[in-house]
Amino acid sequence: MNHWLIKSEPNAFSLDDLKRNKREPWDGVRNYQARNFMRDDMRVGDKVFFYHSNCAEPGIVGLAKVASKPYPDPTQFDPDDSHFDPKSRRDNPRWILVDMAYVRTLKRTISLRELKDCPELADFALVRKGNRLSVMPVDKADWDFILGLE
DNA sequence: GCCAACGTTGGC
DNA sequence: GCCAACGTTGGC
């Protein structure tokens, strides 16, 4: 069992959207490191922090879980989609995703500000300067500590 | 809206 | 293979 954090801009796709849809292909990820985590390391049932970025109060707002095995992101083949990738081929897809399923909404947002102020989380990738990864692993110890803040 | 940090692209 | 230019992310 691995633990993860995924970012989403609530203006584009929020935790409430995931709650409404119950389940969602985590499409549009166009970063190789993030792709590799989904393709190689995620397992059905892995627990996931849902993080809101680019908003009034960036932070962890809920829990999700990995709900499928990896498969090709269909948006890469759709010329009308903003994530269309003309260099990707159907017989050798470049972008791989998994489905995410809603688990629950936290009682309160655990803000980035608060996480940055925790010395226990000094090594957590999310709080390190310049971090831009939209899919990242979370140590079990960090996961438990963060949930304990709720 | 600003801008620092980072990843990707492409000329050489 | 280097690296400058460019585009994107995302906090503030």
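Atom set for the values below is all heavy atoms of this structure, side chains included, hydrogens, waters and symmetry mates excluded. Naming: A, B, ... by sequence-line order, numbering from 1 per chain.
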Contact state string [nucleotides 3-12 of chain C, B base, S sugar-phosphate only, - no protein heavy atom under 4.0 Å]: ----BBBBBS
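Evaluated for a salt bridge (Lys or Arg N to Asp or Glu O under 4.0 Å) with A:Asp73, the options A:Arg30, A:Arg94, A:Arg39 yield exactly one hit, A:Arg30.
For the residue pair A:Asp99 / A:Trp26, no side-chain donor-acceptor distance below 3.5 Å is found, with atom types taken as modelled.
Taking the six-membered ring wherever Trp is involved, the centroid distance between the rings of A:Phe49 and A:Trp4 does not fall below 6.0 Å. Here A:Phe84 and A:Trp95 keep their ring centres 6.0 angstrom or further from each other.
Because its NZ or CZ atom is both nearer than 6.0 Å to the ring centre of A:Phe77 and within 45° of the ring axis, A:Arg90 counts as a cation-pi partner of that residue.
In this structure, A:Asn31 and A:Lys87 both approach DNA chain B, and ranking their closest nucleotides by distance from the 5' end singles out A:Asn31. Of the residues near DNA chain B, A:Arg94 and A:Lys129, the one whose nearest nucleotide (by heavy atom distance) lies more toward the 5' end is A:Lys129.
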